Amino acid sequence: MWTYVGAVMVLWIAMSAKEFYVLFYPPACKLRHGCYHPRLPWGARVDITAHMGEGAIRAAVWNVTNVSSVEELEAAITTPVPPSVRRGEMRELWLTFELSRTGSDDVLSAARVNIVQMYEARERSQASMLLERDVFGDVFASSDEKPAVTEAPSTSSTVSAELAPADRHGRVPHFIYSYRMCELRLVTDARAYASPFLAPDGTPIGQSWDVHARTYAPHFYVDTFSLLRKHALPLSADVQKAHPRLKLKFKPISVGRHRIMAQLGSLFESLGASLGLGRDADDPLMTSDDL
């Protein structure tokens with residue numbers, strides 16, 4: 001009996017180990033023709049640009065050139081908040097990052113994130129959590145370090161007058177990266193694959209792929225898995241206030257870590273749905289790709 005149980009346990013451990021290995025090291029394509037090859041080779045030099053807004057109001061706010069695609073980078077970005085956001089006329093503010101190989105104008109992949117979202121202002125924290133306090137600090141400080149703030153009058157009328165106008169639900173625009181570093185992730189995978197999807201979970205091999213040229217572009221995205229409601233600070237209605245600063249980290253990751261984070265994100269979303277927890281403005285932000 002115990003011999004049988006032991007054999008089953010050994011078999012289960014061996015199968016689990018194999019699945020875990022494949023998760024991090026999916027098998028490469030061994031076909032003579034028809035493999036999907038990466039458009040970004042391992043260790044290639046890249047350029048990254050950042051734009052605020054969309055369409056006619058799109059404006060460049062940051063760029064870095066000729067950096068390694070496999071090394072981490074930290075930077076600081078000034079994120080101009082349009083007066084229309086502070087006046088309550090505009091409820092979203094998109095930040096778009098574009099990745100290209102150094103020396104080429106061809107954009108390989110793009111990552112987008114809405115850095116202003118509508119949250120219900122909390123009475124206990126309004127007075128001391130206005131965006132225009134020193135919320136940036138040292139770009140190389142810990143992302144969990146909270147900035148020093150100056151106390152403001154705590155009366156409800158004074159605080160409400162300082163905040164950007166609320167919508168009909170009583171929510172005001174918040175800068176969601178006030179207490180958290182914005183992580184820009186690039187999956188550094190240079191394998192060739194036989195299919196656009198990886199077994200057994202069906203993860204795409206890249207952000208996009210070309211079935212005719214048999215190439216794929218790398219996953220490139222802003223990670224919001226650990227971003228919580230408490231990291232955001234409300235915006236002021238004063239259009240003369242200085243623009244907020246964003247701490248940014250460019251972080252290359254393996255395909256295995258990317259797949260694990262994607263699965264965790266799906267697991268939490270499924271768990272929330274089964275428990276009847278909606279994805280409203282007060283929930284943690286737990287998407288992981290293609291924002």
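All figures in this text were calculated on a predicted structure; none of them were measured in a lab. The figures that follow rest on heavy atoms only: side chains count, while hydrogens, waters and symmetry mates do not.
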> Does Leu73 share a hydrophobic cluster with Val70, counting links as ILVMFWY side-chain heavy atoms below 4.5 Å and allowing steps through other members?
Replying inline: no
>> Would you compute the distance between atom CD of Glu183 and atom CZ of Phe250 and round it to the nearest 0.5 angstrom?
In response: 12.0 Å
> Which distance, rounded to the nearest 0.5 Å, do you find between the CG of Asn114 and the OG1 of Thr224?
Replying inline: 11.0 Å
> Between Tyr193 and Tyr216, how do the two ring planes meet: parallel, tilted or perpendicular, split at 30° and 60°?
Replying inline: tilted
> Distance from Cys182 atom SG to Lys251 atom NZ, nearest 0.5 Å?
Replying inline: 13.0 Å
>> Just so I know, are the side chains of Val81 and Arg86 near enough to count as touching, which here means a heavy-atom distance under 4.5 Å?
In response: yes
>> Would the distance check show the side chain of Ser254 and the main-chain N or O of Arg257 forming a donor-acceptor pair, the cut-off being under 3.5 Å?
In response: yes
Distance-only criterion, 3.5 Å: show the donor-acceptor pairs between side-chain atoms of residues 38-50 and protein atoms not counting sequence neighbours.
unit_1	atom_1	unit_2	atom_2	d
Arg39	NH2	Asp106	OD2	2.3
Arg45	NE	Asn66	OD1	3.3
Arg45	NH2	Asn66	O	2.7
Asp47	OD1	Asn66	N	2.8
Asp47	OD1	Thr102	OG1	3.0

> Between Val61 and Leu246, is a side chain to side chain contact (heavy atoms under 4.5 Å, CB included) present by the stated rule, with each step listed?
Replying inline: CA-CA 11 Å; Val61 295; Leu246 177 69; over 6 Å; no
> Once the angle between the rings of Tyr221 and His258 is folded into 0 to 90°, is it parallel (under 30°), tilted (30 to 60°) or perpendicular (over 60°)?
Replying inline: tilted
> Within a strict 4.5 Å, meaning less than it, do heavy atoms of the Leu186 and Leu184 side chains meet?
Replying inline: no
> So, His219 side chain and Asp189 main chain: donor-acceptor pair closer than 3.5 Å or not?
Replying inline: no
>> On a heavy-atom basis, which atom in Ala194 and which in Leu31 lie closest, and how many Å separate them?
In response: CB-CD1, 4.1 Å
>> Within the structure provided, determine whether Tyr119 and Val172 are in side-chain contact (heavy-atom separation under 4.5 Å).
In response: no
> Taking the side chain as C-beta and beyond, is there a heavy-atom pair between His174 and Arg229 under 4.5 Å?
Replying inline: yes
> Residues in salt bridge (charged side-chain N to carboxylate O under 4.0 Å, His left out) with Asp210, at least two apart?
Replying inline: none
>> Testing the basics here: between Asp201 and Thr203, what is the closest heavy-atom pair and its distance to 0.1 Å?
In response: OD2-OG1, 2.8 Å
>> So which atom in Gln207 and which in Phe220 form the shortest heavy-atom distance, rounded to 0.1 Å?
In response: NE2-O, 2.8 Å
>> Tell me if a side-chain donor or acceptor on Arg214 pairs with a main-chain N or O of Val211 at a distance below 3.5 Å.
In response: yes
> Okay, side chain of Ser84, backbone of Met90: is any donor-acceptor separation there less than 3.5 Å?
Replying inline: no
> Are Val187 and Phe197 connected in a single hydrophobic cluster, I mean Ile/Leu/Val/Met/Phe/Trp/Tyr linked by side-chain heavy atoms less than 4.5 Å apart?
Replying inline: yes
> Quick one: does Met52's side chain get under 4.5 Å of Trp94's, heavy atoms only?
Replying inline: no
> Say you draw a straight line from OG of Ser178 to CG of Leu235; how long is it, rounded to the nearest 0.5 Å?
Replying inline: 8.0 Å
> Measuring from Ile176:CD1 to Met118:CE, what's the distance to the nearest 0.5 Å?
Replying inline: 13.0 Å
> Does one hydrophobic cluster hold both Val107 and Trp209, with members joined at side-chain heavy-atom distances below 4.5 Å?
Replying inline: no
> Can you check whether Ala237's main-chain N or O pairs, donor with acceptor, with Glu162's side chain at less than 3.5 Å?
Replying inline: no
> Rounded to the nearest 0.5 Å, what separation is found between the OH atom of Tyr177 and the CG atom of Leu227?
Replying inline: 5.0 Å
>> Can you confirm whether Ile253 sits close enough to Thr188 that some side-chain heavy atom of one is under 4.5 Å from a side-chain heavy atom of the other?
In response: no
> Where is the tightest heavy-atom contact between Leu108 and Pro218, given as atom of each residue plus distance?
Replying inline: CB-CD, 4.5 Å
>> Please find the pair of heavy atoms, one from Pro165 and one from Arg91, that lie closest to each other, and give the distance.
In response: O-NH1, 3.3 Å
> Does the pair Arg87 and Val239 meet the rule for a side chain to side chain contact (heavy atoms under 4.5 Å, CB included), with working shown?
Replying inline: CA-CA 8 Å; Arg87 291 195 297 260; Val239 298; 4.3 Å; yes
>> Working note: Ser236 + Asp238, criterion side-chain hydrogen bond (donor to acceptor under 3.5 Å, both in side chains); need CA distance, chi angles, decisive distance, verdict.
In response: CA-CA 5 Å; Ser236 169; Asp238 188 349; 5.3 Å; no
> Is there a donor-acceptor contact under 3.5 Å from the side chain of Arg185 to the main chain of Val222?
Replying inline: no
> Arg171 and Glu120: which non-hydrogen atoms are nearest, and at how many Å?
Replying inline: CG-N, 3.8 Å
> Less than 4.5 Å apart, any side-chain heavy atom of Arg259 and any of Leu198?
Replying inline: yes
> Are the side chains of Pro252 and Glu71 in touch, meaning some heavy atoms are under 4.5 Å apart?
Replying inline: no
